[in-house]
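Proteins get letters first, then strands, A, B, ... in listed order; numbering begins at 1 in each. Quick caveat, the model's predicted, so the values are computed rather than measured.
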Amino acid sequence: MPELPEVETVRDGLARHIVGRQVTGVQVLRDYSVRRHEGGPRDFADRLAGRDITYAARRGKFLWLGLAGVDEVLVAHLGMSGQLLIKVPSEAAEPHRHLRVRMTLSAMDELARVARPDAQAPGQPVFLDFVDQRTFGYLAVSETVPTADGEPGGLGTGEAVVPELLAHIARDLLDPAVAAGTPGRAELVRRIKAKPAAIKRILLDQTVVSGIGNIYADESLWRAQVHGERPASALSRPALNRLLDHAFDVMTQALSQGGTSFDDLYVNVNGESGYFSRSLNAYGREGEPCRRCGAPMKRSEFMNRSSFWCPKCQTKPRR
DNA sequence: ACTGCGTCCTGGGGGC
DNA sequence: TGCCCCCAGGACGCAG
């Protein structure tokens, strides 16, 4: 399932290969894959046709593409199995089995070609295929609203706007506005510290800090040697800062391992290539020795999700 | 305001 | 071999 590093890889690929093209056609093969779009699939296609793509941005696991001339953007959430694949027409004859939406994009404009000489197939039209086996992902066109803090809406854009449909989603840890040492980070820690709920629940709460899923929550907690059921308010500010730093590190490292798959005009966000699973220290390691102390790792149910943790390094709070 | 839980969906894989 | 069922996941919406 795509977590933030995989989504950032996709964003980077879109920025390099899609920006500067125009949407010339939209084919919705599965209506359900266009969701949270008020006018429905038909209106979705109509709104995109003829638009120039100006930037590729991301906040947490939400992606969006800027559209020239309108206060609207194309939003994409990959869910747990979504992929955005760029196909040159010659290889698009046999569409993917789980193709849900296909967008036809024009050749790249001159400005973009000069700015990004490494772009794939700049001189020819391409398909942007939204492939999604389990259909938890979706596409929508959303209006934009100004950001509350006046900072850019996400990574990959300088514009201080954010799609309305994800305006409630907090910034993620790769966002400079909440980087370590900034006022934004201090404010985030203060907010977390004020919460009595379990720290893992807070890490997973996208309205507090976004982009942390079940896997990276467990990895961050393992690194910080904090049990996920510990109340957030019971942790000191330095401890919370350390935890967030670990979360940042885990995601940054995964990102550096997965960066280049877009070069093949193919983005694997399923983790099938295994580039991010090889470095996991907690997730999925029930019964295996802790890589720090050797104690057998535990698995437990928390919030209807599996949690993996070391019983020795991450002492469980007495309830 | 907060929390807990059900819901959406699909097909791979385990169990019988 | 075949078939059925369960399970995984993020985000949201509702009930308490």
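- When rounded to the nearest whole Å, the span between CG of A/Asp172 and P of C/dA11 equals 11 Å.
- Side chain of A/Glu8 to main chain of A/Leu4: no donor-acceptor pair is present (N/O by atom type, distance under 3.5 Å, no hydrogens or angles).
- One finds the CZ atom of A/Arg21 at 9.5 Å from the CG atom of A/Asp109 (value rounded to the nearest 0.5 Å).
- Distance alone, capped at 3.5 Å, places no donor-acceptor pair between the A/Arg100 side chain and the A/Leu29 backbone.
- Pairs of residues two or more places apart, or lying in two chains, that qualify as side chain to side chain donor-acceptor pair (under 3.5 Å) and include a residue from residues 39-49 of chain A are A/His37-A/Asp43, A/Asp43-A/Arg47, A/Arg47-A/Glu72.
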Contact string for nucleotides 4-11 of chain B, one letter per nucleotide 5' to 3', B = base within protein heavy-atom range under 4.0 Å, S = sugar-phosphate only, - = neither, reads BS--BBBB

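- In this structure, A/Tyr216 places its OH atom 15 Å from C1' of C/dG10, rounding to the nearest Å.
- At the phosphate of C/dG10, neither OP1 nor OP2 sits under 4.0 Å from any side-chain N or O atom of A/His77.
- For C/dC12, the OP1/OP2 oxygens have a side-chain nitrogen or oxygen of A/His168 closer than 4.0 Å.
- The side chain of A/Asn214 lies closest to C/dG10, out of B/dC2, C/dA8, C/dG10.
- Atom NZ of A/Lys298 has 12 or fewer neighbouring heavy atoms from other residues, nucleotides or ligands inside a 6.0 Å radius.
- A/Ser142 contributes a side-chain N or O that, together with a main-chain N or O of A/Glu164, makes up a donor-acceptor pair within less than 3.5 Å.
- Rounded to an integer number of Å, the gap from CG of A/Leu78 to P of C/dA11 is 10 Å.
- In this structure, the CG atom of A/Asp205 is 14 Å from the P atom of C/dG13, given to the nearest Å.
- Rounded to a whole Å, the CG atom of A/Leu165 is 19 Å from the P atom of C/dG10.
- For the pair A/Lys195 NZ and B/dT3 P, the computed distance is 7 Å after rounding to whole Å.
- In this structure, CG of A/Leu139 is placed 15 Å from P of C/dA11, rounded to the nearest angstrom.
- Minimum heavy-atom separation, A/Ile169 to A/Arg59: O-NH1, 2.7 Å.
- Spacing between atom CZ of A/Arg35 and atom P of C/dG10 amounts to 15 Å, rounded to whole angstrom units.
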